[in-house]
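Proteins get letters first, then strands, A, B, ... in listed order; numbering begins at 1 in each. All values below were derived from every heavy atom in this structure, side-chain atoms included, with hydrogens, water molecules and symmetry-related copies excluded.
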Number of protein chains: 2
Amino acid sequence: MKKKVTTPPVKRIPRRSVLSDEIYEMIKAKIFDYEIAPGSRVNIDALSVKLEVSQTPVREALARLESDGLIEKEPLKGYKATQLLTIKELNDLFQFRLLVEPWAAEQAAKLIDNTGKTALKAEMQSAKTAIKFADENQYQALSEHDSRFHTLISSISGNQTIADFYDRTHCHLHLFRLYMANKLHLIDGESRADYVQDLFEQYYQSGSGQLAIKEHDAIAKAILDQNSKAAKAAMHAHIESSLKRFSPAAVAANR
Amino acid sequence: MKKKVTTPPVKRIPRRSVLSDEIYEMIKAKIFDYEIAPGSRVNIDALSVKLEVSQTPVREALARLESDGLIEKEPLKGYKATQLLTIKELNDLFQFRLLVEPWAAEQAAKLIDNTGKTALKAEMQSAKTAIKFADENQYQALSEHDSRFHTLISSISGNQTIADFYDRTHCHLHLFRLYMANKLHLIDGESRADYVQDLFEQYYQSGSGQLAIKEHDAIAKAILDQNSKAAKAAMHAHIESSLKRFSPAAVAANR
DNA sequence: TTCTGGAAAATCGTATAGGATAAAATAACG
DNA sequence: CGTTATTTTATCCTATACGATTTTCCAGAA
């Protein structure tokens, strides 16, 4: 317990509010950045001193992360990061998406208004710009675009329930991508998380990124044309090929 | 702050563990029992003294309930119980179920094994027994059967992701039923929550309960026969007529 | 009578100490 | 040398005090 006994009274930033939320995001980021490895123990005390806050906000954040399925709690033992998706769970998740998202795309095509059209066009434009110029954090940009794109369509579909559910799936998919990258990384015989970023870029520069954008483009076009059948079909095809892009790497990683 | 300054040292129950979880369930029960009204403020301090625990477990419980969508948090104002489902949200939720559950029933019919068959038969049997003899808490029994039935099918379908998502929807539907009962209740000019139970019974004894059981029976039969097409169709029909059972009352309540 | 300003109260957010329990390491015994 | 029992450590769980912000209430002026 070597901890500064008194809070430094100098740092009197009026700290607006919602420290818990900040901590929640920070811990989440740590998980995504692989600073907290899947399956590893998460110590409340250690986290609170590292983040320089008290235990209370850390507890609240962990409780919420548990509901998100990113953290698990064993009653009197402690918290630990959730184990990563198995191949079966990945398939289950994509099956779920196949049930929901094509319908959402169909509805979006039927219900889209001018505001929605503008937003969709803007999103596709920014994605194309990002993939062209972002040579550094290309993975990051693509991943964020992917999330925004699917969320946007769920939202345009008018069914908030479905949009909410999609949000929950996304973080797990994101984590799986991380897993993939890391496994490949370990095969190479190294273990520092710094390299993860490079592997993402490699993976995405291999063409998967451009492919995904192309498929997104087809979906967006169908929705903008208000061609609901085409939108549904395009979304279905996109999710299926997306799974295929995931799967080989996943299988390789699980060997 | 009139609080006993010292914990009574007499009550030294070795309190096994997971107080947070207990509190979580207790608060949830309070919401379902209408002790905490929708939209009302939830005071941490008051709850902690009422439940005779410290604030910490209450905080954790509330954070989890927020993730469940049963409680909302306004940054520097406090927690409050979530407003009840609007008609639109109810429709959204049922649309979601229509996308997912018929597929789950179809899969269940394809994949069910002997263990699953035994469980399904047992569930239907216990439901029929319950509806016959439980004249007191019939609503409770039916509601719990409904939850178990749909969860069971999701589980037999083999897709844990979908089973998890169903779990999340169920509590909201449960709350909506409460809402309905309460609104009808207020129309009658009274306001004590004690009467809610009676209204449930009235609602369910009016025939809706028996109808639901009949539909469940058809679904179970199809699954046990491993007739996947019939199972899918039966589930679809069940959810649609279930919405119809909800909707008139909901519309009436919103007038 | 109504609106604006300030003061008081309520409540959230934060910090830290202490007790209890489970896991781990060490020592003793077979 | 292996197994069991005991001690030690680490960690969670609980309790309570303090500070900051928001809300509410009341008084005074237009």
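Taking atom CG of residue A/Leu62 and atom C1' of nucleotide D/dT11, one finds them 14 Å apart after rounding to whole Å. For B/Lys80 and D/dT23, the NZ to C1' distance is 16 Å, given to the nearest whole Å. Distance B/Ile23 CD1 to D/dC12 P: 20 Å, rounded to the nearest Å. Taking atom CD of residue B/Gln55 and atom P of nucleotide D/dC18, one finds them 14 Å apart after rounding to whole Å. Spacing between atom CG of B/Asp45 and atom C1' of D/dT22 amounts to 16 Å, rounded to whole angstrom units.
Contact annotation: A/Ser54 side-chain N/O to C/dT14 OP1/OP2 distance is not under 4.0 Å. Between B/Asn43 and C/dA10 there is no side-chain polar atom (N or O) within less than 4.0 angstrom of OP1 or OP2.
Looking at heavy-atom distances under 4.0 Å, A/Val42 makes contact with sugar-phosphate atoms alone, never a base.
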Would you sort out whether B/Tyr79 and B/Leu65 count as a side chain to side chain contact (heavy atoms under 4.5 Å, CB included), showing the intermediate values? CA-CA 10 Å; B/Tyr79 289 93; B/Leu65 286 166; over 6 Å; no
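Positionally, the nearest nucleotide of DNA chain C for B/Ile44 lies more toward the 5' end than for the other of B/Ile44 and B/Thr56. Of the two residues contacting DNA chain C, namely A/Pro57 and B/Arg41, the nearest-nucleotide position lying further toward the 5' end is that of B/Arg41.
Which of D/dT11, D/dC13, C/dT14 sits closest to the side chain of A/Arg59 comes down to D/dC13. The side chain of A/Val53 has C/dA15 as its nearest neighbour among D/dT11, C/dA15, D/dA15.
Residues passing the ring pair (Phe, Tyr, Trp, His ring centres under 6.0 Å) test with B/Tyr24, sequence neighbours excluded: none.
No cation-pi contact links B/Arg168 to B/Phe165, judged by a cut-off of 6.0 Å to the six-membered ring centre and 45° from its axis.
Shortest non-hydrogen contact noted between B/Thr161 and A/Glu89 is OG1-O, 4.3 Å.
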